[in-house]
Amino acid sequence: MRASHFLIATLKETPADAEVVSHQLMLRAGLIRQLTSGLYTWLPLGLRVLHKVANIVREEMNQSGAQEILMPVVQPAELWQESGRWQQYGPELLRIEDRHQRPFCLGPTHEEVITDLVRNEMSSYKQLPANFYQIQTKFRDEIRPRFGIMRSREFIMKDAYSFHIDHNCLQETYDVMHQTYCNIFNRIQLDYRSVLADTGSIGGSGSHEFHVLASSGEDDIAFSDTSDYAANVELAEAITLDRRQPATQALAEIETPGQYTISHLSSFLNISPTQTVKTLIVLGEAEDEDQKQPLVALVIRGDHELNALKAEKLAGIASPLSFAPEERIEEELHCKIGSLGPKGLAINIYVDRSAAVLSDFVCGANKHNYHLTGVNWGRDVPEGEVVDIRNVVVGDPSPCGSGTLEIKCGIEVGHIFQLGTKYSDAMNATVLDENGKAKTMAMGCYGIGITRIIAAAIEQNYDDNGIIWPDAIAPFQIALIPINLHKSAAVNEQCEALYKEFQHQGYDVIYMDEAKARLGVMLADTELMGIPHRLIVGDRGLENGTIEYKGRRDTESQHITIDTIIPFVTTLFS
RNA sequence: CUGGGUGUAGCGCAGUUUGGUUAGCGUGUUGGGUUUGGAACCCAAAGGUCGUAGGUUCAAACCCUACCACCCAGACCA
């Protein structure tokens, strides 16, 4: 590509409304422009990257045996009513009507459409397993789009859906997809982790997320420092190896005026927050629809955080988890929120494992402005049911049994699920089995955020001068930069020859062929755009028979003799 | 949705407190000239419904009212 025929839309200054690095650099390098909140136009440079990522995903998906299809963005409401999600989905689902006032939606995902297709087209177990995928635009009316392309409303996703006669077959495809995803992220050269994940409202039995590690990530990932174990903090099991010690103190009630938080309380008493517990009151499940939801107490160690996802899975606790209103606590427990404790509570009590091994601890006295010290389970307060309801913290023992946990931020770029029969049941998607009986197919679904990968790759690869693309997804592999093009016939001739040769050999080259462009501008632009390899052709070098090479991450240039430049470039990409 | 912030030239901003002639600066753009190994210099020029609508006033970018858009935090979210 000649720069004279290519929109180089670089910006010298950082646009004011971009906060995270990838968003800033995507705007500055001229990859995207914002149309309105959460909607972006892909400029020529950005689209090149998009295509490279999509092609890698496509190649690996094809390699895995999946078949590419393309489904509509606009979907009829009937299908969503059939699966029940027309009601379940909130305002995130953008609903529209056609000229006949027939209801449609913009697809945030395609389970319904694919299930409808497969139930119509597939009739025998002999056709299974089958895995269909598409690379296509999705629309989710996010409450708050942010971080540019990272969480936009419209985005491009690779989504695949597999169909199986039984769970074993599903597991096999799931494992193949897990490996395929590893292949994809390896090819793009991202620092990523596959982590155990929550299946969320989509249900099913198994799920992994793929996270690119970056400080701007919105998810927290816990890892073992000595094994491969990795899990989303939402899901990571919190283990305690401590044993409860025998009681040594007597129970005492002390006045603690104004001490309503753990940090205030522990500095007031000059103790560690790890010697305290906090009691959180949440809503339970009502026995009848018209009955009030009962209150349930959750007790965790003072320095720990409640994990809502774990808590709402416990028997008798309402999902989604919600804290009890203060009025109900005061009314029914006769105590304000800063002085709660497990002592004498006439409601169900769940105690986190780490809180359950404490002895001689401090907790609220259920009496405004009073706390108890020297508290011991069983002797002073009911034992409660011991469960895992807290977030893991750095230094916790890894649940895999090896090493301790570290926590890093991750950007979710892929997610694979075993759906089971949730959609095939609802939509009656069956095939005949070996006995000629109709059998509901088991399903898996597998997503990759194509556009999000681009932002994630930048978050992981940039410096003060701009983006540093991994070779596999760079918009151009090589920048060819002439010096004094308008004056030097030798430079012109050499560049044209090299440009033709690179094209002939199939390299993506951006030839900075604008006659009057200044060197500094060309260097700054190609660095900002993140072109991984750069060749400079100037009279000075040509006189010595050399061309200058510099890799985007290199600190020094190399002078390569002209007749070895092609083999030299070949070795760069081998 | 709640809270905070911002809307003035393509981009980054000043001017608004205390209303007053022709709305500025940097950068970018166009034309001309001098330059040419890291965003160069000189000259000239184009480019503005001051977010929108209404109001106050002799006079509004500036004061008042309503609305809209975008950004940030939270909540929410396969």
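Sequence lines set the chain letters: A, B, ... in the order given, protein chains first and strands last, and positions in each chain run from 1.
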Undergrad: Answer yes or no: does a side-chain N or O of A:Ser37 lie under 4.0 Å from OP1 or OP2 of B:A69?
TA: no
Undergrad: Please list each protein N or O that sits under 3.5 Å from an N or O in nucleotides 43-45 of chain B, with the distance.
TA:
none

Undergrad: Could you tell me which residues satisfy side-chain contact (heavy atoms from CB on, under 4.5 Å) with A:Ala456, sequence neighbours excluded, listed by chain and number?
TA: A:Val212, A:Ile411, A:Val413
Undergrad: Return the set of residues passing ring-ring contact (aromatic ring centres under 6.0 Å, His included) with A:His110 (not counting sequence neighbours), or none when no residue passes.
TA: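 By the ring-ring contact (aromatic ring centres under 6.0 Å, His included) rule, A:His110 matches no residue at all.
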Undergrad: With A:Tyr192, which residues qualify under ring-ring contact (aromatic ring centres under 6.0 Å, His included), at least two apart?
TA: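 Once residues adjacent in sequence are excluded, the partners of A:Tyr192 under the ring-ring contact (aromatic ring centres under 6.0 Å, His included) criterion are A:Phe185.
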Undergrad: Scan A:Arg151 against the nucleic acid and name what it touches under 4.0 Å (heavy atoms): base, sugar-phosphate only, or nothing.
TA: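 Base, at least one base heavy atom under 4.0 Å.
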Undergrad: Can you name the ring-ring contact (aromatic ring centres under 6.0 Å, His included) partners of A:Phe139, sequence neighbours left out?
TA: none
Undergrad: Nearest to the side chain of A:Ile143, which nucleotide is it out of B:C70, B:A75, B:C72?
TA: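 Nearest to the side chain of A:Ile143 among the choices is B:A75.
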Undergrad: Which letters describe nucleotides 32-40 of chain B, given B = protein heavy atom under 4.0 Å from base, S = only from sugar-phosphate, - = neither?
TA: ---BBBBBB
Undergrad: With a 3.5 Å cut-off and heavy atoms only, can you find an N or O donor on one side and an acceptor on the other between the side chain of A:Glu13 and the base of B:G26?
TA: yes
Undergrad: Taking the P atom in each of B:G54 and B:A73, what is the distance between them to the nearest angstrom?
TA: 36 Å
Undergrad: Using OP1 and OP2 only, check whether a side-chain N or O of A:Arg146 sits under 4.0 Å from B:G74.
TA: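 A:Arg146 to B:G74 OP1/OP2: side-chain N or O found under 4.0 Å.
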Undergrad: Just to verify, what does A:Trp469 make a ring-ring contact (aromatic ring centres under 6.0 Å, His included) with, not counting sequence neighbours?
TA: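 A:Trp469 satisfies ring-ring contact (aromatic ring centres under 6.0 Å, His included) with no residue once adjacent residues are dropped.
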Undergrad: Just say parallel, tilted or perpendicular for the rings of A:Tyr549 and A:Phe568, cut-offs at 30° and 60°.
TA: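 The arrangement is perpendicular - the two ring planes meet at more than 60°.
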Undergrad: Which residues pass the salt bridge (Lys or Arg N to Asp or Glu O under 4.0 Å) test with A:Arg119, not counting sequence neighbours?
TA: A:Glu82, A:Asp116
Undergrad: State which residues pass salt bridge (Lys or Arg N to Asp or Glu O under 4.0 Å) with A:Arg28; sequence neighbours excluded, sorted by chain then number.
TA: none
Undergrad: Would you say A:Arg144 places a side-chain N or O within less than 4.0 Å of OP1 or OP2 belonging to B:A75?
TA: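 Indeed not, no polar side-chain atom of A:Arg144 lies that close.
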